[in-house]
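Structure first, then comments.
These values consider heavy atoms only, across backbone and side chains, with no hydrogens, waters or symmetry-generated copies. Below, chain A is the first sequence line, B the second, and so on; all start at residue 1.
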Protein chains: 2
Amino acid sequence: MAQRGRRSARVSGDERQDAILVTAEALLAGRAFDDVSIEDLARGAGISRPTFYFYFPSKDAVLLALLDRVITEVEHRVGHLPRDFESDPAGAWTRSIGMFVEVFVSHRAVSTAAIGARARNDEVRGLWSRSMQSWVDFSSDVIRAEQARGAAPAGIGAHDLAVSLNLMNERVITAALNRESPAIAETAALDVLSTIWIRSIYGSDNPGGR
Amino acid sequence: MAQRGRRSARVSGDERQDAILVTAEALLAGRAFDDVSIEDLARGAGISRPTFYFYFPSKDAVLLALLDRVITEVEHRVGHLPRDFESDPAGAWTRSIGMFVEVFVSHRAVSTAAIGARARNDEVRGLWSRSMQSWVDFSSDVIRAEQARGAAPAGIGAHDLAVSLNLMNERVITAALNRESPAIAETAALDVLSTIWIRSIYGSDNPGGR
DNA sequence: TGAGATAGTCAACACCGTGTTGAGAACCGG
DNA sequence: CCGGTTCTCAACACGGTGTTGACTATCTCA
């Protein structure tokens with residue numbers, strides 16, 4: 001429950017913690033994680049650097065907190081993804097991939113920072129893994145079901161296929177968002193990725209088509 | 001030309017420079033780039049830290065030098081890749097992707113470090129881009145040719161397809177080499193990747209098959 | 001109301017890694 | 001053997017991280 005009664009003379013701890021998170025997200029939109037110092041975060045939240053350590057044990061912990069909210073959203077959204085791929089497989093995959101793209105785009109600063117920090121920080125890596133794993137579990141379940149009902153050819157294992165396609169999504173989308181080179185246009189991503197998914201899952205452009 | 005005559009009393013500059021490179025590659029095999037300090041490189045090469053700066057302006061420059069050799073090899077190998085995909089498209093793609101995998105595997109320390117440093121360093125990003133661009137150019141040329149001769153369906157642009165598939169390779173292979181999770185087994189990579197390439201380029205498992 | 005617990009704050013400090021400076025040693029070609 | 005170039009490093013400056021300890025504000029319960 002939120003603060004009751006009159007506002008206390010002093011800014012509350014929760015507000016400060018939140019101010020750090022808000023500052024971090026704002027600064028991360030403009031520059032890389034490494035280029036944001038704890039001093040920057042503290043100043044942004046209106047506190048001194050040592051006081052920052054009262055709220056977070058490190059800069060990475062701030063990223064972790066930010067990432068945690070994204071992961072929660074991912075798991076929630078993946079859990080509610082429809083699994084009825086019989087009637088319109090192509091459309092259903094496109095909608096699922098569209099959600100993946102959407103999550104990335106709406107949290108691009110955090111995603112980019114997390115991908116960068118992943119190599120260095122175990123917890124970031126673990127959290128990121130977990131969210132990728134949700135997507136992989138979802139997709140490999142569906143691929144397996146499609147293979148079972150004969151709509152998709154066997155060939156390679158559903159799990160390996162799901163992992164590869166999801167890693168492709170991750171990489172292609174970050175490349176597009178950060179305007180890397182080579183990369184594809186952000187606007188083309190969903191279309192291109194869907195086509196690759198569908199062709200490689202079904203071995204055809206038009207699964208279930210007449 | 002190599003050193004002539006008797007070995008000089010003092011170790012030559014070129015040897016020192018090389019010793020730094022060798023040390024860097026050795027240390028990078030065991031730990032992340034960020035965890036290797038200039039002090040470590042200097043000690044490994046038998047010099048003091050300030051002397052390191054006589055040979056390289058920064059730690060990144062060492063990585064750049066290492067990466068440069070890899071890029072040269074990539075461009076050379078890509079340039080010599082056969083482009084006769086008519087008779088055995090599936091086999092030809094598998095051989096090309098096999099070469100991609102091979103380069104990664106044989107320079108895994110440098111590749112991993114470069115991918116990590118890419119976000120931070122413009123020159124690393126540029127160099128990496130260039131090598132990815134060689135692969136992309138090669139693959140999009142071949143895809144375009146396959147589409148032109150009617151072996152592959154149009155659907156999505158050859159360039160976007162080539163970029164996406166190459167980025168998938170990069171990501172899937174690094175995940176496998178670093179034993180990330182989710183990832184596929186290193187031994188399965190070539191098979192899985194080839195299948196996805198062939199299905200998404202030709203819309204079939206068996207292009208040109210009877 | 002006032003004594004102790006709890007939350008919050010920060011100046012000052014210790015540390016580590018990077019990069020610079022300036023003085024000098026070793027070697028080379030004339 | 002002398003002048004220039006190559007090479008070397010102690011000592012320093014700096015910036016970022018994380019810690020300490022003392023201090024202030026607020027809350028709570030007798």
Ionic contact status for A:Arg95 with A:Glu102, cut-off 4.0 Å:
no

When rounded to the nearest 0.5 angstrom, what distance separates CG in A:Leu177 from CZ in A:Phe104?
7.5 Å

What is the distance, to the nearest angstrom, from the CZ atom on B:Arg43 to the P atom on D:dT8?
17 Å

CD (A:Glu123) with more than 12 external heavy atoms under 6.0 Å
no

Just N and O in the side chain of B:Thr51: are any of them under 4.0 Å from OP1 or OP2 of D:dC7?
no

Rounded to whole angstrom units, what separation is found between the CZ atom of A:Arg16 and the P atom of D:dT26?
12 Å

Step by step, work out the salt bridge (Lys or Arg N to Asp or Glu O under 4.0 Å) result for B:Asp35 and A:Arg120.
CA-CA 9 Å; B:Asp35 296 339; A:Arg120 187 177 32 103; over 6 Å; no

Might you confirm whether atom CD of A:Glu75 has over 12 heavy atoms from other residues, nucleotides or ligands at distances under 6.0 Å?
yes

Can you tell me the distance, in whole Å, between the CZ atom of B:Phe54 and the C1' atom of C:dT21?
15 Å

Under 3.5 Å, which N/O atoms of the protein pair with N/O atoms of nucleotides 17-19 of chain D?
unit_1: D:dT17; atom_1: OP2; unit_2: A:Ile38; atom_2: N; d: 3.2
unit_1: D:dT17; atom_1: O4; unit_2: A:Arg49; atom_2: NH2; d: 3.3
unit_1: D:dG18; atom_1: OP2; unit_2: A:Tyr53; atom_2: OH; d: 3.4
unit_1: D:dG18; atom_1: N7; unit_2: A:Arg49; atom_2: NH1; d: 2.7
unit_1: D:dG18; atom_1: O6; unit_2: A:Arg49; atom_2: NH2; d: 2.4

How close or far is atom C1' of C:dG19 from atom CG of B:Asp60, stated in whole angstroms?
13 Å

How many whole angstroms separate atom CG of A:Asp34 from atom C1' of D:dG15?
14 Å

Tell me, do A:Trp135 and A:Asn169 make a side-chain contact under 4.5 Å, heavy atoms counted?
no

D:dG16 C1' sits how many Å from A:Leu27 CG, rounded?
16 Å

How are the rings of B:Trp93 and B:Trp197 set relative to one another: parallel (under 30°), tilted (30 to 60°) or perpendicular (over 60°)?
tilted

OP1, OP2 of D:dC9 versus side-chain N and O of B:Ser48: anything below 4.0 Å?
yes

May I ask you to evaluate whether B:Tyr55 reaches the phosphate of D:dT8, defined as a side-chain N or O under 4.0 Å from OP1 or OP2?
yes

Could you state the atom-to-atom distance from CZ of A:Phe56 to P of C:dG8 in whole Å?
13 Å

Roughly, in whole Å, what's the span from CD1 in A:Ile20 to P in C:dT9?
9 Å

